[in-house]
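These notes concern the structure reproduced below.
Since the structure is predicted, the reported quantities are computational estimates derived from the model, not experimental observations. Residue numbers start from 1 in every chain, and the chains themselves are labelled A, B, ... in the order their sequence lines are given, proteins ahead of strands.
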There are 2 protein chains.
Amino acid sequence: MSAIAAALGVSAATVSNALSGKGRVSPELIEKVRAKASELGYVPSLTARALRTGRTGVLGLVLPDIANPLFPQIAQAIENAASNAGYGVLIADSRGDIAAQTEAIGRLLERGVDGMVIVPRRGTRIADVGCPVAVIDTPSTPGNTVSADHWDGGSQMGRHLAELGHRKVLLIGTSASSNVQNDRIGGLKAGLGAQAECDTMWIEKIEAVSGEGCPLGLADKARAGFTAFAAVSDLSALRALTELQRAGIGVPETVSVTGFDDLIWSAVVTPALTTVRMDMATIADLAIAALIRAIEPEGEAENGAEEISTGNVTSETDRVPMQLIVRQSTGAPQAGRTPNLHAPTSNKPTAGELKS
Amino acid sequence: MSAIAAALGVSAATVSNALSGKGRVSPELIEKVRAKASELGYVPSLTARALRTGRTGVLGLVLPDIANPLFPQIAQAIENAASNAGYGVLIADSRGDIAAQTEAIGRLLERGVDGMVIVPRRGTRIADVGCPVAVIDTPSTPGNTVSADHWDGGSQMGRHLAELGHRKVLLIGTSASSNVQNDRIGGLKAGLGAQAECDTMWIEKIEAVSGEGCPLGLADKARAGFTAFAAVSDLSALRALTELQRAGIGVPETVSVTGFDDLIWSAVVTPALTTVRMDMATIADLAIAALIRAIEPEGEAENGAEEISTGNVTSETDRVPMQLIVRQSTGAPQAGRTPNLHAPTSNKPTAGELKS
DNA sequence: ATGCTCTGATTAAACGTTTAAGCACGCATA
DNA sequence: TATGCGTGCTTAAACGTTTAATCAGAGCAT
């Protein structure tokens, strides 16, 4: 920067003003400065700027478990939204326990992030950490900034199954302590309506006694009259699908299977999974926008309240709708069905058709 | 920091020396400074330090496509290795095209990263970008810093199938232009041995004519005598598994299916996938170590070559072995088999047993 | 001619560290 | 007693910006 100043015979401050458009600089000088800057290949030192202004232009992203298959979607959406807004994204994995989560947040703070996006660990409440925080959890969780409307997604899926004629469905969740999963299950029940008979199976409980990766006994459930298996995650849906297929039970002609989240594999398995997708791009945009509103000085703030808020930020809309994607894994239940018979059909999966 | 200095009646420089252990400070004063620092809750400003030293303590992580299901493993391992070494990780998604990759690298440079880890897009060669770069690609690619030994992994899997008695196997890849996939296929062929008959199917080619998510016609292949389907990715393996199951072909009693990478679902599908896993933790450690060696000044560098190298860094070991994980999806081929018959068995998946 | 305001620039301080250079002192050596 | 040296600390500059305060000159009204 001083090189530019020297080359043009002006002071460094003037160059700064010219480039930022802040002070009073003549238009022609601004042009000359711009030209010289690109000629010399000037790139401002964000470090120095950060030191002076106290803002680093970096946001933190805290995730409960990077190994989560949903992570790519989240990270990609957040990174994109942040970089569009001119911010960088520093990642932190809270690997399991809550202590690690706190520690990860601490590391981000030391690095001077201007704000952070937190996808909290189940049951964690984020204390005031000293910078603006956007929380992506569940609309029903206090402190939530913005998230997918999981209940709505469940209800869409429930209605889809009810319309197909399913009256006895097994709801499959992983952990009963997950807000997200409980909301989805609540929505499913509501969508299925009062006349439907629902049972809920929690995989964690079964695995606690039978070991990880154990069979879920779904074939027995099918024989017991369940015609649909609605999992609240595509991973569980996949598990259900393969277990049923393996037992010779046809999907979707004998039983239907549905998932959640539209994970990478749901479109390519046979039969392709009917699922419901969250609009992470919109969620990320809202979260980042809310964060930035808290970080950057209000344009017309005439009062002295220039203080940067330091708690959870809020967004005008705290829930964004989910999108039902009907593929091949759902169909009408048979009238007088014989669940044990395998009935291969000409199944021709195509790219999923979007509904709603 | 100046607060500590004032409280103890010494200069700020002395405090700095005391905390960093660099200059000459009496032991007792060091103790007092330490005590006062923690009493006042002092946290150093990494921004200021960065400005002064020219090093930010941040590494960039550039990924070809964050949506890749392998990404969580990579990101988690890199984040962990970096944060153990005291570095932060800034992510950048090169979303598809090469232009975006270049642009992402540029953004990281502006932010002043000390170095970056790049998992390059297929066929990209990373030009000198102005900071140390660790490339995670394939041992056979020039410029590679460290990566899994994909060829070795393929060969382990090939030997496993050969030992089971498979002589006619279909190799399934996604894209023929991927170095990684070609290495894996090369290894598979070598491991299967000369007496095995191999065909290679590239999914991208098939989808180019039949559309995304189209059936791969694997049932026909099974009828044509293929007894094993070795995919070079768990995603393709899953696709193969469900397509075969759906067609009523039993896995593993009629045909075997294998994958690569031990992705999240491979242990929970039925039958659980036999696959081969890369040791990302070790790879990440080596990559970060190589990077840091290039970044931080050599201890005993007596010559004037204090310049920070600016190209691709190298590691003493450029390939780390993969690990075969035998689960339920592989078995011996039947002697006189009737591929069309579905043969449900008592399949009891348990946690995968590790081999090699 | 004197004072006032507006414009376009400059000066200087500040952000919080690190680090080379310098200084004062005590102690051993000549 | 002078010389030299190691020790423990201080001074001051530097990193590259931003920004409040200042200033010289021009135009204009008094």
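Using modelled atom types, one finds a donor on one side chain and an acceptor on the other under 3.5 Å when comparing Thr56(B) with Asp114(B). Residues Asp128(A) and Thr310(A) have side chains that bring a donor and an acceptor to within less than 3.5 angstrom of each other.
Under the salt bridge (Lys or Arg N to Asp or Glu O under 4.0 Å) criterion, Glu39(B) pairs with Lys36(B), not counting sequence neighbours. Looking at residues two or more places apart in sequence or on another chain, you find a side chain to side chain contact (heavy atoms under 4.5 Å, CB included) between Ser16(A) and Met1(A). Partners of Glu31(A) under the salt bridge (Lys or Arg N to Asp or Glu O under 4.0 Å) rule, at least two apart in sequence or in another chain, are Arg34(A). Listed by chain and number, the residues in a side chain to side chain contact (heavy atoms under 4.5 Å, CB included) with Ile264(B) are Pro69(A), Leu235(A), Trp265(A) (sequence neighbours excluded). For the salt bridge (Lys or Arg N to Asp or Glu O under 4.0 Å) test, residues two or more places apart in sequence or in another chain that qualify with Asp261(B) are Arg184(B). In this structure, the side-chain hydrogen bond (donor to acceptor under 3.5 Å, both in side chains) partners of Glu103(B), at least two apart in sequence or on a different chain, are Arg107(B). Every residue meeting the salt bridge (Lys or Arg N to Asp or Glu O under 4.0 Å) condition with Glu316(B), not counting sequence neighbours, appears here in chain and number order: Arg293(B).
Nearest-nucleotide assignment on DNA chain C puts the 5′-proximal partner with Arg24(A), out of Arg24(A) and Ser45(B). Residue whose closest nucleotide on DNA chain D sits further toward the 5' end, between Pro44(A) and Leu29(B): Leu29(B).
Against DNA chain C, the stretch residues 33-43 of chain B makes heavy-atom approaches under 4.0 Å through Tyr42(B), Val43(B). Taken residue by residue, residues 4-21 of chain B places heavy atoms nearer than 4.0 Å to DNA chain C at Ala13(B), Ser16(B), Asn17(B).
From the 5' end on, the contacts that DNA chain D makes with chain A at under 4.0 Å to a non-hydrogen atom open and close at dG16(D) to dT19(D).
Defining each end axis of the helix from dA1(C)-dT30(D) to dA30(C)-dT1(D) as the rotation carrying four pairs' C1' atoms onto the next four, with five pairs an end, the two axes are found to diverge by 70° to 10 degrees.
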Atom pairs and distances, side-chain donor-acceptor, residues 83-90 of chain A, under 3.5 Å, sequence neighbours left out:
residue: Asn84(A); atom: ND2; partner: Asn80(A); partner atom: O; Å: 3.4
residue: Tyr87(A); atom: OH; partner: Glu296(A); partner atom: OE2; Å: 3.0

For the pair Leu8(A) and Val33(A), evaluate side chain to side chain contact (heavy atoms under 4.5 Å, CB included) and give the outcome as yes or no after the intermediate values. CA-CA 8 Å; Leu8(A) 294 175; Val33(A) 169; 3.8 Å; yes
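In this structure, CG on Asp93(A) lies 10.5 Å from CD on Gln101(A), to the nearest 0.5 angstrom. Taking CG of Leu59(A) as the reference point, atom CD1 of Ile295(A) lies at 5.0 Å (rounded to 0.5 Å).
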